[in-house]
Every structure is written in C-alpha cells, then in structure tokens.
**Student:** 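So that we are looking at the same thing, I have put the structure below in structure tokens.
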Amino acid sequence: MKTFNPDAMGEKLLRRFAGRTSRRSILSRLGLALVAAPAFPLLPVSRANAAKPDRSPEAKTNFARNAQSADDTKCTYWRYCAIDGSLCSCCGGAVNRCPPGAEHSPVSWVGTCINPDDGRAYLIAYRDCCGKAYCNKCDCDGTDRETQLYVPQLNNDVIWCFGTTSMEYHCSTAVLVGTA
Amino acid sequence: MKTFNPDAMGEKLLRRFAGRTSRRSILSRLGLALVAAPAFPLLPVSRANAAKPDRSPEAKTNFARNAQSADDTKCTYWRYCAIDGSLCSCCGGAVNRCPPGAEHSPVSWVGTCINPDDGRAYLIAYRDCCGKAYCNKCDCDGTDRETQLYVPQLNNDVIWCFGTTSMEYHCSTAVLVGTA
Amino acid sequence: MMKVQGKSSLSAKARHTAAAVCALALLGTAGAASAADPLQPDPELEAVTLSAPKPSWVFVERGFVVSGNSIYDTDTGKMLGMVEASTLSDLALDPAGKAYYVSESIWTKGWRGTRQDMITVYDAATLKLKTEITMPGRILIGGRKYNFVIADAGKTAYVYNLDPASSVNVVDLAKGKFVKKIELPGCASLMPVTGVGFSALCSDGSLATVKTAAAKPEITRSAPFFSATNDPIFDNFGYDGAKQQAVFLTYTGQVYTAKLGATPTISEPFSIQTAAGVSPADTKPLDVHWYPGARQGLAYHLATGHAFVLMHMGEYWTHKAPGTEIWELDVAAKKVIKRIPLEEAANSVTVTQEANAKLVLSTEGGTLLILDAKTGAEKFKLEKSGGGVLRTLEP
Amino acid sequence: MMKVQGKSSLSAKARHTAAAVCALALLGTAGAASAADPLQPDPELEAVTLSAPKPSWVFVERGFVVSGNSIYDTDTGKMLGMVEASTLSDLALDPAGKAYYVSESIWTKGWRGTRQDMITVYDAATLKLKTEITMPGRILIGGRKYNFVIADAGKTAYVYNLDPASSVNVVDLAKGKFVKKIELPGCASLMPVTGVGFSALCSDGSLATVKTAAAKPEITRSAPFFSATNDPIFDNFGYDGAKQQAVFLTYTGQVYTAKLGATPTISEPFSIQTAAGVSPADTKPLDVHWYPGARQGLAYHLATGHAFVLMHMGEYWTHKAPGTEIWELDVAAKKVIKRIPLEEAANSVTVTQEANAKLVLSTEGGTLLILDAKTGAEKFKLEKSGGGVLRTLEP
C-alpha cells in the first residue's frame with residue numbers, strides 16, 4: 001500500500017519547475033529562500049510526516065469514487081481532486097495549458113489524485129494561469145488532502161502567481177507531474 | 001396642463017449645484033465649458049423642445065401609477081422614476097445624502113417624477129455618490145423620460161462623478177430640486 | 001508576422017490534439033491492463049495562441065463588476081480566450097486582425113490616485129500587451145458600441161469623452177499617438193465617415209458631421225429629423241462602414257436610414273410595427289404596444305441589410321426592458337420577415353457577419369444564447385457567459 | 001477628537017431625522033389638501049458620519065469579485081456604510097475605535113504596473129482616507145482572519161507575507177511606519193502575544209512564538225501537537241486577546257486550548273462530537289460523521305468562552321463544505337450545549353461580543369443571516385449582503 005509522501009513530492013516539484021524557469025525571477029528567490037530558511041515552506045512536512053497518515057489510494061474519497069477521465073471541463077475530472085478556481089480548460093486553455101495571454105505560474109499547490117482508469121495515485125500540480133482577470137467559468141473546489149495556510153503548497157486558496165509578470169488570477173490548470 | 005421644460009430645468013440645476021460648489025474644480029470647468037461651447041451639454045435641448053412633447057403629469061407612466069411615498073429603500077419610491085444604480089438609502093446614506101466616506105457629485109442627470117401624494121411633477125437630481133466601490137444593494141433602474149447618450153443629463157447610464165475626488169461609482173441619491 | 005503566428009497557432013493546436021489522443025490511448029491501455037505503465041508527466045506547454053479573428057467569433061463585454069471581453073466561437077460554443085480590459089472600458093477590433101484595442105481609464109491606486117486614460121493594444125495571436133497609447137480623458141459609461149470606433153482601415157481611432165462637456169479624441173493607431181481633441185457640443189455616438197471624419201447624433205435631433213482633417217475641425221449639422229427627448233434614437237444603432245450607411249431605430253420603433261458623407265442624407269422613417277403588420281407604437285404612456293428596447297437591441301447583418309431587433313410588449317418609456325422576441329427586419333423592403341420568440345428575455349443581441357449568420361444573445365440571467373439566424377434554432381446555450389456589449393468581426 | 005466627531009455625527013443624524021419628519025408632515029398636508037404648497041427642495045447635506053464602532057456591528061468582507069467591507073448594525077439590520085478595500089485585502093479594527101485599517105496590494109495599472117503594498121488608514125467617523133503606510137509584500141489569499149492582526153492596544157500591526165517564502169511585516173501604527181520584516185519559515189496565522197510579539201501555527205504541527213523586540217527576532221517552537229497534513233487546525237480559529245488564549249479546532253473536530261505567552265501551553269484535545277454525545281469523527285475517508293467545516297467555521301464568544309461551530313454531515317476531506325448546523329460549545333466544560341439547524345447552509349459565522357450575543361452567518365446563496373445566539377431565532381435575513389470574513393468589535 002503506497003503511502004503519500006508530501007516530502008518527496010515537494011522535492012520533485014521543485015526540481016521540475018524551478019529547473020525550467022531560469023528566466024524567471026522566481027528561481028533566485030527560491031534559491032535564496034532555501035538557503036535562508038531551513039524549513040522553507042515548499043518542503044516543510046518532514047516532521048509532520050512522522051505521523052504516517054493513511055493516504056493510500058484504496059481509502060478513496062467521495063471525489064475519487066465519482067471521478068471520471070473523459071471530460072476535463074467538468075469538476076469531476078479526476079485531476080481536479082484538490083483544484084480551486086476556474087478551469088483553464090473552460091477559458092480557452094487546456095487541462096495543462098494556459099489560455100491565450102495568460103502566464104503559467106512556475107510554482108503551485110499540489111494534490112494527489114487517483115486516476116479511475118488505472119487506480120493509481122498521481123501527483124498533480126495546480127499551476128495557476130496569471131495576468132488576466134478571473135475567468136469565472138467552471139468554478140470547482142476539490143478539497144482532497146487540502147490543508148491550511150501554514151502548509152501553503154497544499155492549500156488551494158492562495159493566489160499561486162509567483163514569478164509571473166502579473167499576480168492577477170485567471171484560472172487553474174492541473175498538470176500531471178508523475179505517480180505519487 | 002404643465003409642460004415639461006428640460007431647458008428651464010437645466011438652468012435651474014446649473015444654478016443650484018454650480019452655485020454651491022465653489023470649492024470644487026467642477027465650477028471652473030463648467031464656467032469654461034459654457035464659454036467655449038455654445039451648445040453645452042447641460043443645456044442642449046432648446047431646439048428639440050420645439051416639438052413640445054406631451055409630458056404632462058396626467059399622462060402617467062407605469063412607474064408613476066405604482067409609485068409610493070412611504071419607503072425610500074424600494075425601487076417603487078416615487079423619486080426613483082429615472083434612477084439607475086444602487087439606492088444610497090440602502091447603503092448607509094439616505095434618499096438625498098451620501099453614505100459615510102462617499103462624495104456627492106455636484107452635477108447629475110435628472111428626472112421628472114410625480115409625487116403620488118400631491119399629484120405634482122417634481123424635478124429630481126440623481127446625484128451619484130462617488131469614491132467608493134459599487135454598493136450593489138437595492139439596484140433600481142427607472143426609465144421614465146430617460147434618453148440616450150447625446151442628451152447626457154437625461155441619461156442614467158453615465159457615471160455621474162464629475163468634480164469629485166474619485167470617479168468610482170458607489171450609489172445614487174434622488175435629490176428633490178423643486179416642481180418641474 | 002500574423003501569418004506566421006497563425007500557423008504556429010494551428011500547429012500548436014494540432015500538437016495539443018495529438019497529445020490528447022495519445023493520453024486517451026494511454027488511458028485505454030491502462031484500463032484494459034492495470035499492470036500497464038503509469039501515465040507520463042505532462043509536457044511543459046506555452047499558452048494557447050489564437051488565429052486571426054474569424055467572422056464566427058463573438059466578443060462578450062463581461063460587464064461592470066467583472067471586466068474583460070470573452071471570445072467565443074459560435075461554431076463550437078467554446079470560449080477561446082479573453083481580451084483583458086478594465087471596468088467601463090470599450091473594445092475595438094483591428095480590421096487587419098492583428099490587434100485588439102481597449103479604450104480604458106485606470107487609476108494608479110484602484111479607486112484613487114492618478115487617472116490614466118489610454119488605448120491598450122493587445123496582440124491578436126498571443127493576447128499579450130503590445131503597447132499603451134496615452135490620451136486625454138474618455139467617457140465612463142460602458143455598454144455602448146460607438147464611444148470607441150476605428151476609422152481609415154484601422155489607422156485612426158475616435159474616442160468619445162464627457163467631462164461633462166463632450167469631445168472626441170483623435171488617435172493615430174498606426175503611429176501609436178494621440179493627435180488632437182475635437183470639441184463636440186451636444187452630440188455623441190460616433191460613426192466613421194470615409195474621407196471626412198465622423199458623424200454623431202445630437203441632442204437637437206440632428207446628425208452632426210465633423211471634418212477632422214482641417215486644423216480647425218469643421219462641424220456641420222443636418223436639419224433636425226428626430227426628437228432627442230421625446231422619441232430618441234437608440235445610441236446602439238446599426239452601422240455599415242463599407243456602404244457608409246447607418247440604420248437608426250427610435251424608442252417608438254421608427255426606422256431611419258442615413259447615407260453618410262460630407263453631406264449626409266436621411267430617409268423618411270417607417271414604423272417597424274407597421275412593417276410587421278401590427279399597430280404602430282406611439283409616445284403615449286398609457287397605450288400598450290410592441291416596442292423595441294433592451295441595452296443593445298439592434299443587430300445589423302451587413303450583407304443582407306437585415307436588422308434583428310429585440311422587441312417587448314409594454315408601455316412607452318420601457319426602452320431598457322429586455323426583448324422577448326427578435327424581429328428580423330428587411331430594412332430596404334420595410335418588411336419584418338420573421339419573429340423569433342425567446343424563452344428567456346434578452347438584453348443584448350448581435351449577429352455574425354457570415355453567410356449563414358448566427359444570432360448571439362445575452363439574457364437577463366447571464367446566459368449567452370447562440371441561435372441560427374435563419375431558423376431561430378438554438379445552437380448553444382452557455383450559462384454564466386453573458387454580459388454587456390456583444391461584438392462580431394465586420395468585413 | 002473622536003468625541004467631537006461622534007457628537008457631530010449624532011447631531012447630523014438628529015437633523016436628518018427632523019428633516020424626514022418635516023418632509024412627512026408636508027406630505028401629510030399635501031395629501032389632505034392638494035392645493036397646499038408643493039414640497040420644498042431638499043437641503044444640501046454632507047455625507048453621513050458614523051459613531052465609534054459598536055459591539056452590535058458586523059463588518060462583512062464582500063468577497064473576491066466585489067471588494068469592500070460592508071458595515072451592518074445587527075440591532076437594526078441596516079447597512080451603515082462600507083470600508084473601502086481592494087480585492088484580497090484584509091480589514092482590522094483600531095481597538096480605540098478611531099480608525100479602520102486595510103492591508104492591501106494595489107497595482108498602478110489594474111492587473112499590471114507596479115505593485116504597491118500598504119496599510120490604508122480610514123477615519124472611523126467619516127470613512128475618509130487618512131493616510132497610507134507603505135510596506136513590503138503581503139500574501140494574496142483573502143478570507144483569513146489572522147493575516148493582518150493588531151497588537152499592543154492598537155500600536156502595532158503584524159502582516160503576513162508569502163512570496164512564496166513566508167515572513168511577517170511589523171508595522172508601527174502609532175508612527176505610521178513599517179518597522180521590519182521577520183522571516184517565519186513554515187508557519188502562518190498570527191496571534192498577538194502581549195509583551196512578547198506573536199504566535200503562529202506551523203507545518204510541523206507546532207505553535208511558534210516570536211519575540212519581536214530583539215534586533216534579531218527569536219523564534220521558539222512548541223512540541224508538535226497536531227498533524228498539519230492529516231488533521232489540520234482550521235486557520236480561522238478562536239482568539240481572545242485579553243485572556244491571551246486561543247481555541248483551535250481540527251478537521252476531525254478535535255478542540256485544543258492554547259494559553260499564549262513566551263512559553264505557551266497547549267491543552268490535551270477533546271472531540272466536539274463526543275462533547276455533543278455523537279460518535280467522534282476520524283480521518284478515514286469512507287466513514288460518515290458530523291464534521292466541522294466551512295470558510296470561517298468557528299466564532300468565539302469571549303465573555304462566555306463559548307464557541308459556535310459550523311458543522312455538516314459528510315466524509316473526511318469535506319472541510320470546506322458549508323455548515324448545516326451551528327453547535328454551541330462550552331469550551332471549558334467540553335460540552336455542546338445547543339445545536340441550531342440552519343435553513344440554508346452557511347460558509348461563515350461570527351458572533352457579536354455582546355451580553356445578548358447575536359450570530360451572523362453568510363450563506364451559500366449570499367444572504368446575511370442575523371440570529372439571536374441564545375434562542376437561534378432569526379432577527380434579520382439580508383439578501384445580497386453576504387460575503388467572506390465576518391468581523392465584530394472585540395473588547
């Protein structure tokens with residue numbers, strides 16, 4: 001039974017996005033923060049992890065039991081188990097792509113969602129698309145394993161527009177990062 | 001039978017508000033505009049008036065037939081026959097007074113409304129309260145004798161926040177100017 | 001450059017579709033054999049880009065509280081993107097399809113601070129900000145089609161101002177520069193007049209025509225032909241830039257055709273109700289008739305010269321009431337050739353300038369409704385997608 | 001100065017009432033004899049002014065799309081005014097009742113331009129802008145009570161930031177100056193600690209306490225006492241500044257009491273469900289229980305030490321679901337003493353700090369509901385008046 005490991009997840013995400021965003025100011029800020037703050041918020045859960053909560057895919061939430069993989073413009077689409085906001089797929093973008101003129105935030109909050117087709121748990125990065133007014137279509141609010149502000153990378157209320165030209169929130173994507 | 005005279009109305013209003021707002025920049029702008037533009041928009045209807053439309057109070061509109069004088073937080077209150085927006089009386093102000101922190105526009109669009117108690121037609125100045133975000137309560141849209149943009153002082157869609165510190169629209173008042 | 005971007009857009013779309021197909025294939029495999037490889041991580045994708053605007057597109061001004069212009073394709077019912085815009089701004093389309101223009105007013109501190117009036121220019125392919133053209137003030141009203149108009153095949157913009165004296169900013173879009181301000185006392189709603197400047201409707205019931213080229217702009221006025229206070233012409237009228245013609249509709253339903261030019265000519269009016277075989281309306285408050293109304297109550301199909309008008313039953317001075325029927329009027333024939341009843345009353349109507357035109361309506365409840373103009377059949381019903389002014393691409 | 005303004009406000013109100021009475025009298029006369037004099041023109045009136053904030057007032061953060069904090073009097077159900085505020089801003093009340101503080105972020109050109117972070121200060125009587133205190137960045141999130149808190153009897157403000165490293169701005173409100181920035185890795189949600197600085201909840205399940213006075217702020221952490229990822233404490237908890245006490249509630253319904261100080265002590269938890277005589281909830285997704293939840297799901301009445309908690313039936317990980325019942329919990333007695341069923345589910349709850357307390361709820365449909373806390377009886381139901389965080393005056 002695979003146990004959810006938010007620590008490994010944080011590292012993976014950091015590698016994934018920070019590594020590709022050298023042109024953005026976010027990288028230097030992340031680097032600085034990592035040096036300055038040992039308990040940097042993107043990797044804060046090492047101690048809490050000692051509790052080893054049951055996060056196995058088998059313990060399915062209501063969302064997971066009813067999730068589908070056919071229509072990514074519906075809140076029930078499996079990747080949206082912890083999304084909050086307008087779906088970019090309804091706003092001219094795609095499940096993993098920004099609408100025209102919007103900018104993908106290099107960092108994001110994350111979720112662990114179960115694909116109904118293979119039963120596997122996947123790590124999903126909810127990368128906001130920024131720099132345009134609130135799309136206000138297909139508003140969804142998945143809350144599987146969503147926590148509070150002191151664990152910001154697992155909180156879906158934060159405006160995750162860091163390192164983008166503008167911090168205006170437009171919509172949210174659900175980028176598949178890998179297995180959880 | 002009294003005929004509605006928008007010309008006299010314009011002059012009256014101009015005297016009323018321009019005369020009392022010497023501390024505001026609007027006065028000098030009004031003065032300048034009156035010199036520069038012979039057909040200044042606050043007094044443009046002299047020629048149209050030749051048509052002498054029937055605007056007698058006896059030809060009551062649907063609004064006037066159903067108007068009341070008891071509750072100025074309802075759209076049916078008699079003075080609101082041509083108002084558009086949130087009623088200041090629902091937003092911490094009064095029928096003729098701005099809510100705290102809002103600023104009364106010295107100029108306004110106007111309407112001619114019939115008081116159900118005395119049957120008389122009165123000139124109402126719909127003076128916007130400005131400098132705060134849209135109140136968004138008790139939204140009303142009276143359209144008696146409301147015209148289009150080329151007669152702006154009889155159009156209720158214009159943001160009538162001229163000569164105020166901020167042009168942000170908060171709510172609208174209905175100030176009784178006198179008999180029409 | 002546009003061509004290249006158009007191509008890149010297409011190929012990006014093709015790649016995206018391919019990826020989607022791949023993903024589905026993977027899912028299919030995974031479903032059949034659960035021991036199969038897990039899904040692969042998504043590739044890093046740039047934002048979607050757009051083709052040049054198409055006649056099937058509609059631009060929906062979202063409104064006073066939530067600003068921005070949503071773009072929908074009436075062929076698919078899908079939202080394609082949004083042209084960013086401040087509240088009470090106006091959108092205009094570059095006739096060459098390379099840019100979107102937003103005439104807007106922004107304060108440095110939200111509701112306070114320094115006022116900044118500008119035309120903001122967005123690239124039509126990327127929807128990214130290209131430049132800002134600063135200018136003097138503009139009117140704050142929203143919901144009007146003719147306060148920001150493009151003339152001279154996209155080279156010039158006219159921007160209406162009310163402060164509360166009225167004037168027009170002339171902006172050179174090609175050079176990205178404000179040129180001059182023209183006083184326009186007592187008139188509003190601008191119609192570009194080729195080789196002359198623009199015309200506007202006036203409070204004395206006339207049509208003003210402004211020659212903009214001269215150092216001192218020359219304003220002439222037609223004889224008054226309508227009553228601006230008793231039976232006003234709706235300021236969201238019909239306009240045909242190519243034919244230099246406007247179709248005016250009054251509160252009572254009188255229809256005028258204006259041939260624009262240095263000396264415009266205005267037709268005798270006729271009643272849209274008479275054209276439909278029903279009793280003509282009048283200005284008497286107590287009588288009940290079919291009246292035109294709504295916020296954007298007239299859509300004009302240029303190729304056929306047909307106007308689509310939102311009509312409602314009621315008394316006079318209900319000119320903002322939403323329409324419960326659309327009347328299709330053959331303006332030249334002075335004949336209403338079809339009446340389409342609406343399930344939900346509509347505040348705005350526009351028509352795509354396609355051969356198989358579609359009507360787009362914004363309803364009272366905020367739904368965007370796309371109908372086949374020929375049959376009235378509903379093609380798409382998009383909830384939470386309506387708004388203020390609806391705009392389509394014109395040839 | 002406040003006294004004088006309070007008086008002037010009262011006398012203005014009295015004058016207004018007198019005018020209203022006069023107007024009614026005139027109307028009465030007019031109605032009786034139609035030949036009477038017509039109504040007199042309205043006098044020119046200054047904007048209404050407010051008294052110092054009262055315990056019966058509630059401040060309603062209107063939300064993400066329409067910003068601003070509406071003020072309602074729960075005694076009358078009337079809106080008194082609005083404290084202007086940008087989107088995603090936070091409001092705080094001056095304990096002396098002289099000012100309202102808004103912690104906000106504004107760009108010079110709407111969605112673009114230069115970012116400006118500030119505490120904007122409004123006069124409590126006139127609601128007019130008094131001054132702006134500029135500061136470094138702050139978090140953009142909205143809907144949280146403890147990202148902007150006032151300490152030291154109104155002299156100091158703490159402003160939480162996430163960029164995405166977390167820190168706290170210390171602002172001297174008395175001098176109107178930003179003082180310093182304190183790094184606060186892995187913690188958030190600020191509780192002022194008298195004579196020390198502030199405490200915050202941390203991702204390792206501890207409570208951090210920050211001594212702010214030293215040149216190099218000293219951060220100590222309690223032993224971890226909760227699981228931040230498995231059974232998190234809602235970050236909109238209960239806080240009593242006078243008693244220096246916080247009441248924490250977790251997703252499963254565990255209740256902790258923390259005695260704040262240089263070395264805080266945290267009680268053993270108890271289950272709110274057990275306190276109500278129902279089966280305690282757990283973190284297993286498949287089981288169904290009563291769970292606490294909503295956006296602002298806990299209101300704390302300081303004088304009685306009673307917490308009012310929004311509860312719903314459901315499975316785990318439904319912590320944002322709106323509440324269908326309010327449970328009144330005597331925290332010290334560990335006893336739920338009343339359950340109030342709600343006709344419409346609520347997203348936020350607060351309580352007035354009056355002896356005869358009132359509950360204020362913002363429902364799913366945007367209604368503001370005012371209930372008698374003792375009986376649960378509905379006092380006012382105000383449509384289109386709900387929103388995000390609800391705030392009341394605390395002693």
Side-chain angles (χ1 to χ4, degrees), chain B residues 12-13 16-17 19-21 69-70 72-73 78-79 86-104 106 113 115-125 127 129-139 165-166 168 170-171 173-180, chain D residues 9 12-13 16-17 19-20 23-24 26-51 62-63 65-73 78-87 100 122-129 366 382-385:
Chain B
K12 206 183 293 185
L13 266 189
R16 177 169 171 75
F17 296 118
R20 296 196 184 184
T21 54
S69 62
D72 63 17
T73 65
W78 70 277
R79 293 191 188 186
S86 289
L87 304 180
C88 292
S89 50
C90 294
C91 305
V95 65
N96 53 8
R97 200 173 174 196
C98 288
E103 199 180 346
H104 231 163
C113 304
N115 181 331
D117 296 319
D118 68 6
R120 283 196 176 91
Y122 289 90
L123 190 65
I124 307 296
R127 296 176 61 191
C129 293
C130 311
K132 299 181 88 88
Y134 184 34
C135 171
N136 202 20
K137 298 196 71 169
C138 303
D139 294 317
T165 310
S166 159
E168 182 98 5
H170 186 50
C171 62
T173 64
V175 177
L176 199 156
V177 177
T179 49
Chain D
S9 158
K13 265 190 193 154
H16 179 231
T17 308
L24 283 171
L26 278 169
L27 287 178
T29 317
S34 70
D37 285 342
L39 297 181
Q40 288 307 299
D42 285 346
E44 178 82 17
L45 296 168
E46 291 296 310
V48 172
T49 54
L50 293 175
S51 72
R62 297 201 298 177
V65 170
V66 185
S67 57
N69 299 275
S70 298
I71 313 173
Y72 291 88
D73 191 333
K78 297 273 180 243
M79 179 169 166
L80 299 176
M82 194 181 83
V83 183
E84 192 66 22
S86 314
T87 188
Y100 297 111
Y122 292 94
D123 181 87
T126 64
L127 293 188
K128 289 205 175 283
L129 179 71
L382 309 174
E383 286 179 12
K384 277 186 75 178
S385 308

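Chain naming here is simple, since letters A, B, ... match the order of the sequence lines and numbering starts at 1 in each.
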**Student:** Given heavy-atom pairs under 4.5 angstrom as the criterion, report whether the side chain, backbone, both or neither of Tyr134(B) touches chain D.
**Tutor:**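 Answer is backbone: N, CA, C or O of Tyr134(B) sit under 4.5 Å from chain D.
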**Student:** Residues two or more places apart in sequence or in another chain: which of them pass side-chain contact (heavy atoms from CB on, under 4.5 Å) with Thr73(B)?
**Tutor:**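 For Thr73(B), the residues satisfying side-chain contact (heavy atoms from CB on, under 4.5 Å) (neighbours in sequence not counted) are Asp71(B), Ser89(B), Cys90(B).
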**Student:** Identify which of Pro100(B), Gly92(B), Cys135(B), Cys138(B) forms the greatest number of heavy-atom pairs closer than 4.5 Å to chain D.
**Tutor:**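 The residue among Pro100(B), Gly92(B), Cys135(B), Cys138(B) with the greatest pair count is Pro100(B).
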**Student:** For Asp42(D), is there an ion pair with Arg79(B) - N to carboxylate O distance below 4.0 angstrom?
**Tutor:**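 A salt bridge links Arg79(B) with Asp42(D).
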**Student:** What residues form a side-chain contact (heavy atoms from CB on, under 4.5 Å) with Lys384(D), not counting sequence neighbours?
**Tutor:**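 Only Asn136(B), Asp139(B) meet the side-chain contact (heavy atoms from CB on, under 4.5 Å) criterion with Lys384(D).
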**Student:** Apply side chain to side chain contact (heavy atoms under 4.5 Å, CB included) to Tyr122(D) and Leu129(D), showing your working.
**Tutor:** CA-CA 5 Å; Tyr122(D) 292 94; Leu129(D) 179 71; 4.2 Å; yes
**Student:** If you tally heavy-atom pairs under 4.5 Å against chain D, which of Cys88(B), Cys91(B), Pro99(B) wins?
**Tutor:**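 Sorted descending by pairs with chain D, the first entry is Cys91(B).
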**Student:** So which of Cys129(B), Ala102(B), Ala133(B) has the largest heavy-atom pair count under 4.5 angstrom toward chain D?
**Tutor:**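 Heavy-atom pairs under 4.5 Å are most numerous for Ala133(B).
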